[in-house]
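Below is one structure, written out as structure tokens; comments come after it.
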Amino acid sequence: MDFDLNESQALLQDSVRKSLTAKYGFENRKAYMAGETGWSREMWAQYAELGLLGLPFSEEDGGFGGGPEETMLVAEQMGRHITLEPWFSTVVLGGGLLRHGADAALRGELVPAIASGEALISLAQQERQSRYDLFDVTTTAKKDGSGWAITGRKGMVLHGDTADWFVVSARVAGGQRDKSGIGLFLVSAKAPGVEVRGFRMVDGGRAAEVDFTNARAHAVLGEAEGGLPILDRVVDEAIAALAAEAIGAMDVVHATTLDYMKTRQQFGRAIGSFQALQHKAADMLVAIEQSRSMAYFATMAAQGSNAFERRNNMHAVKAQIGRSQRFVGQQSIQLHGGIAMTMEYGAGHYFKRLTVNEAMFGDTDHHLRALADAGGLVQAA
């Protein structure tokens with residue numbers, strides 16, 4: 001199988017790498033984090049200029065017609081700099097829901113605004129009791145004249161405190177854990193009945209709790225009771241993007257750790273000369289390369305049309321990469337020693353991002369259990 005990049009993909013990768021290298025050093029990131037929004041509006045405008053915000057949308061809708069491979073390339077570079085901007089929440093999650101669920105009129109309304117950087121969208125899906133089950137929904141959507149009124153509370157809404165729009169999963173019919181009767185509703189952040197409380201996550205990123213009290217929906221994505229298959233598909237694509245982001249972050253963690261081992265002196269010699277520590281660094285590299293293969297696999301598997309096979313593949317991806325990023329992060333902290341725990345040094349920040357990445361849409365244990373329950377990755381004939 002040929003994994004070489006074509007000319008346009010190589011150009012995209014190079015453009016993103018140069019942009020982030022020039023303006024997203026560690027000190028820049030700390031300054032962005034301390035800003036009013038917790039991320040950089042200047043960088044967001046630059047993402048728009050580079051075409052990153054319209055990348056996965058079709059040209060007919062006002063985008064650039066990129067696919068999962070292009071998303072993977074961008075996500076990996078974002079991971080290398082543990083960026084803070086809402087690219088993942090707006091383009092991968094919110095944008096994915098629009099691509100798979102919105103009609104042409106709604107896409108025509110929102111996609112150009114997203115591509116230009118004017119509109120931010122967040123997925124409001126998780127609830128306190130739901131843990132990792134997308135179908136565990138107590139938020140309700142009730143018919144209100146010609147529209148829908150949304151009532152409920154959502155937590156861990158990525159970049160919800162700066163979002164212009166929310167895509168909300170809400171129950172139209174059935175019980176709390178029924179897999180049918182769930183709809184996806186687009187709600188303006190400025191709509192009456194929407195209350196947002198933002199907070200900073202452990203990795204420096206932003207999220208929010210959002211209350212909806214008879215908030216009127218602007219539109220429905222797909223059929224009113226058929227939102228779960230759309231959400232499932234978009235989450236699978238999001239897991240593929242998270243896998244690529246993890247590779248970028250782990251690459252930097254490994255390189256930073258090697259550099260430290262070459263310069264840190266102990267007993268009159270560099271600690272990198274100690275064979276036991278060399279073995280740890282080698283094990284880190286093996287874990288990263290195993291994960292890189294799984295990230296490529298995730299990018300291909302996310303395009304699958306069979307929902308069961310696609311989700312099963314993502315269980316395997318999440319399990320492997322989750323285990324690897326936890327191992328790589330922990331080894332980096334151990335090999336650095338106390339300096340890795342300080343806010344002034346980058347290793348700890350990368351470890352926090354890898355920890356958040358591992359937990360998002362299901363941690364390692366969750367996906368291992370789900371994969372086992374499904375009978376494993378390779379099904380018997």
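One is the number of the first residue; the rest follow in order along the sequence.
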- Message: Parallel, tilted or perpendicular: which one describes the rings of His367 and His315, with boundaries at 30° and 60°?
- Response: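 Correct class here is tilted.
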- Do the ring planes of His218 and Trp165 sit parallel (below 30°), tilted (30 to 60°) or perpendicular (above 60°)? tilted
- Do Tyr47 and Met78 come close enough that some side-chain heavy atom pair is under 4.5 Å?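 They are in contact (side-chain heavy atoms under 4.5 Å apart), so the answer is yes.
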- Message: Would you say that Thr299 contacts Glu69 through its side chain, given a criterion of any heavy-atom pair below 4.5 Å between the two side chains?
- Response: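 Of all side-chain heavy-atom pairs linking Glu69 with Thr299, at least one is under 4.5 Å.
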What I want to find out is whether [X] reaches [Y] closely enough, with some N-O distance under 4.0 Å, to be called a salt bridge.
X	Y	value
Arg41	Glu85	no
Asp373	Arg369	no
Asp363	Arg131	yes
Glu195	Arg197	yes
Arg353	Asp203	yes

- Item | CA sep, side-chain torsions, deciding dist, call: Thr364, Glu358, side-chain hydrogen bond (donor to acceptor under 3.5 Å, both in side chains) | CA-CA 7 Å; Thr364 304; Glu358 191 233 344; 2.6 Å; yes
- Would you check if the side chain of Ser273 reaches a backbone N or O of Arg269 as a donor-acceptor pair within less than 3.5 Å?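 It does not hold such a pair.
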- Query: Between the main-chain N or O of Gly272 and the side-chain N or O of Gln278, is there a donor-acceptor pair closer than 3.5 Å?
  - Reply: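 Yes; at least one donor-acceptor contact below 3.5 Å.
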- Do Phe185 and Trp148 have their ring centres less than 6.0 Å from each other?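 Yes; Trp148 has its ring centre under 6.0 Å from that of Phe185.
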- Kindly state whether the ring of Phe88 and the ring of His159 have centres lying under 6.0 angstrom apart.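 No, the ring centres sit 6.0 Å or more apart.
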